[in-house]
Amino acid sequence: MTTPLPVPVVRLRVPTEEDALSWHRVFDDPEVMEFHGGVPAELSVYEELTARQRKHDAQLGFCFWTMLGEDGEVTGFTGAQPWPHESFGPVGEIEIGWRLGRAHWGRGYATAAARTTLERVRAAGVGRVVAMVNARNERSVAVTRRLGMELAETYPFTARGVEERAYCFRLEL
């Protein structure tokens with residue numbers, strides 16, 4: 001019988017302007033981006049994303065927060081935001097999500113940080129969240145299961161000319 005790993009310490013902060021560069025560096029890996037477009041994004045994408053998250057935090061009390069490891073190193077992000085699309089997916093719902101740098105996979109960081117996210121959005125008055133996960137992304141599907149989320153819908157989409165499916169998991173808070 002294997003001993004479960006200890007729950008990692010995860011610190012979250014509202015992303016700073018400097019975090020755009022950190023996110024760009026941490027996610028500059030085709031493996032990390034496999035289910036997020038397949039190729040690393042330009043720095044400008046993270047500059048816009050971190051600015052939008054600061055706005056969400058100021059207006060809503062939650063956002064995609066920068067995740068920090070025990071040594072203060074940026075390891076990724078986790079958090080919640082309004083679903084950003086108007087014509088695809090769970091329009092009008094609050095999405096939770098996470099993304100970690102490759103060096104931090106398999107240690108429980110995503111689950112621990114997502115649990116903190118659930119506590120924070122519940123405290124902000126959110127009654128239900130969704131997580132949209134590429135059907136092939138077994139690691140993220142496992143995180144949704146550990147959070148107690150249930151598969152609610154499946155959405156077809158095309159990525160890089162390939163037909164894919166996205167799972168929409170829901171959780172009542």
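In this chain, numbering begins with 1 at the start of the sequence shown. Worth saying up front: this structure is predicted, and the values here are computed from it rather than measured. Side-chain atoms are counted along with the backbone in the values below, which use heavy atoms only and exclude waters and symmetry mates.
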Problem set entry | Pair listing, salt bridge (Lys or Arg N to Asp or Glu O under 4.0 Å) test, anchored in residues 65-85, at least two apart | none
Exercise. Side chain to side chain donor-acceptor pair (under 3.5 Å) with E163: which residues, sequence neighbours excluded?
Worked result: T158
Problem set entry | Which residues share a side chain to side chain donor-acceptor pair (under 3.5 Å) with S140, sequence neighbours left out | W98, N137
Problem set entry | Residue pairs passing the ring-ring contact (aromatic ring centres under 6.0 Å, His included) test where at least one lies in residues 51-73, sequence neighbours excluded | F64-F77
Exercise. Residues in ring-ring contact (aromatic ring centres under 6.0 Å, His included) with F157, at least two apart?
Worked result: none
For residues 8-23, dump all side-chain donor-acceptor pairs below 3.5 Å to protein atoms at least two apart in sequence or in another chain.
{"from": "R13", "atom 1": "NE", "to": "D19", "atom 2": "OD2", "distance (Å)": "3.2"}
{"from": "R13", "atom 1": "NH2", "to": "D19", "atom 2": "OD1", "distance (Å)": "2.5"}
{"from": "R13", "atom 1": "NH2", "to": "D19", "atom 2": "OD2", "distance (Å)": "3.3"}
{"from": "T16", "atom 1": "OG1", "to": "E18", "atom 2": "N", "distance (Å)": "3.4"}
{"from": "T16", "atom 1": "OG1", "to": "E18", "atom 2": "OE1", "distance (Å)": "3.3"}
{"from": "T16", "atom 1": "OG1", "to": "D19", "atom 2": "N", "distance (Å)": "3.1"}
{"from": "T16", "atom 1": "OG1", "to": "D19", "atom 2": "OD1", "distance (Å)": "3.4"}
{"from": "T16", "atom 1": "OG1", "to": "D19", "atom 2": "OD2", "distance (Å)": "3.4"}
{"from": "D19", "atom 1": "OD2", "to": "T16", "atom 2": "N", "distance (Å)": "3.0"}
{"from": "D19", "atom 1": "OD2", "to": "T66", "atom 2": "OG1", "distance (Å)": "2.8"}
{"from": "W23", "atom 1": "NE1", "to": "T66", "atom 2": "OG1", "distance (Å)": "3.1"}

Exercise. Got a sec, which residues hit ring-ring contact (aromatic ring centres under 6.0 Å, His included) with W83, two or more places apart in sequence or on another chain?
Worked result: H85
Exercise. By side chain to side chain donor-acceptor pair (under 3.5 Å), which residues pair with R52, not counting sequence neighbours?
Worked result: E48, Q81
Problem set entry | Qualifying ring-ring contact (aromatic ring centres under 6.0 Å, His included) pairs with a residue from residues 118-147, counting only residues at least two apart or across chains | none
Exercise. Salt bridge (Lys or Arg N to Asp or Glu O under 4.0 Å): which pairs involve residues 78-102, sequence neighbours left out?
Worked result: E31-R102, E93-R128, E93-R170
Exercise. Of all residues at least two apart in sequence or in a different chain, which pass the salt bridge (Lys or Arg N to Asp or Glu O under 4.0 Å) check with E164?
Worked result: R136
For this session: Report the residues that fulfil side chain to side chain donor-acceptor pair (under 3.5 Å) with D57, sequence neighbours left out, ordered by chain and then residue number.
Result: none
